[in-house]
Amino acid sequence: MYRLIADYHTHTRYSHGKGTILENVEAARKKGLKKIAIADHGFNHIGFGMAVTDLHAIREKITSLNRRFSDIEVLMGIEANLISMEGDIDIPPEYLDEFDIILMGFHIAVKPATIRDGWSLFAKNGLDKLGLANRDKVRQANTEAMIQAIRRYPIRILSHPGAKIDIDSRKLAREAAINNVVLEINASHGYMTREYVKIALEEGAYFVISSDAHTPGRVGDFNRGIEIAVSAGVPAHRIINTMEAMMLD
Ligand SMILES: [Zn+2]
Ligand SMILES: [Zn+2]
């Protein structure tokens with residue numbers, strides 16, 4: 001079993017979470033976590049993406065909480081979106097330095113970079129789900145887009161790889177390992193799957209287990225992710241938010 005002491009993937013009202021930054025931080029402290037990231041959805045998320053105009057307020061709150069609490073470190077994060085087949089993500093270059101940690105994942109209901117990207121990312125993947133597209137081609141294009149993103153941007157965590165999109169697990173895991181990007185085992189919806197974790201483990205990838213909490217009550221709830229990691233046989237030092245890994249850091 002692992003002792004997890006950081007949760008790098010939590011949402012607040014700045015996207016579609018229910019709680020405030022303070023409530024997430026208080027919940028994390030109660031569970032004995034030493035680090036938490038506030039990682040709301042990227043700017044292009046339709047309906048509930050973070051607003052660029054909120055960045056200043058979010059930073060101020062996080063700075064004040066870091067002054068107030070000595071038992072936990074609060075990071076300003078974002079769960080950015082893949083928005084093009086060339087690996088563009090929805091953080092304009094001038095905002096990249098605003099964040100302490102960048103997560104990136106594939107989501108639907110996101111404004112694509114171009115109409116063409118919208119077709120490739122969302123329509124083709126939709127057809128793929130229905131069995132109506134050339135599966136292998138779609139998978140390779142998806143994988144290539146994710147790989148370009150991790151080469152081009154300072155992404156630290158790929159959130160729930162394999163969820164909502166078909167990817168070549170082995171290729172992506174290999175590239176993630178080379179680029180110092182960790183793969184998330186998401187305790188909310190169970191991606192990555194055990195099968196994918198095993199493949200990624202063989203390719204030398206590192207992992208993180210996250211709650212993906214959308215309410216303060218779920219912050220630090222790692223159970224489902226732990227079950228997947230245990231069943232895939234992941235050693236504690238390969239999971240960056242275990243006490244073991246963080247002490248080596
Ligand atoms: Zn997500
Ligand atoms: Zn999320």
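In this text, all values refer to a predicted model and were calculated from it rather than measured experimentally. The first residue of the sequence shown is numbered 1, and numbering continues consecutively from there. Each ligand, and each atom within it, is numbered from 1 in the order the structure gives.
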Handout entry: Non-neighbouring partners of M247 that pass side chain to side chain contact (heavy atoms under 4.5 Å, CB included), sequence neighbours left out
Key =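 Partners of M247 under the side chain to side chain contact (heavy atoms under 4.5 Å, CB included) test: M243.
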Verify whether one side chain among [X] and [Y] offers a donor that lies under 3.5 Å from an acceptor in the other.
{"X": "N44", "Y": "N81", "result": "no"}
{"X": "S120", "Y": "D117", "result": "no"}
{"X": "E79", "Y": "H11", "result": "yes"}
{"X": "N24", "Y": "T12", "result": "no"}

Problem - Distance below 2.8 Å from the Zn ion (ligand 2): protein N/O/S atoms - result: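 Within the sphere that stays under 2.8 Å of the Zn ion (ligand 2), the protein atoms of type N, O or S are H9 NE2, H11 NE2, E79 OE1, D212 OD1.
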Handout entry: Closest non-hydrogen atom pair between H189 and A163, with its separation
Key =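 Scanning both residues completely, I find the closest heavy atoms to be CE1-CB, 4.0 Å.
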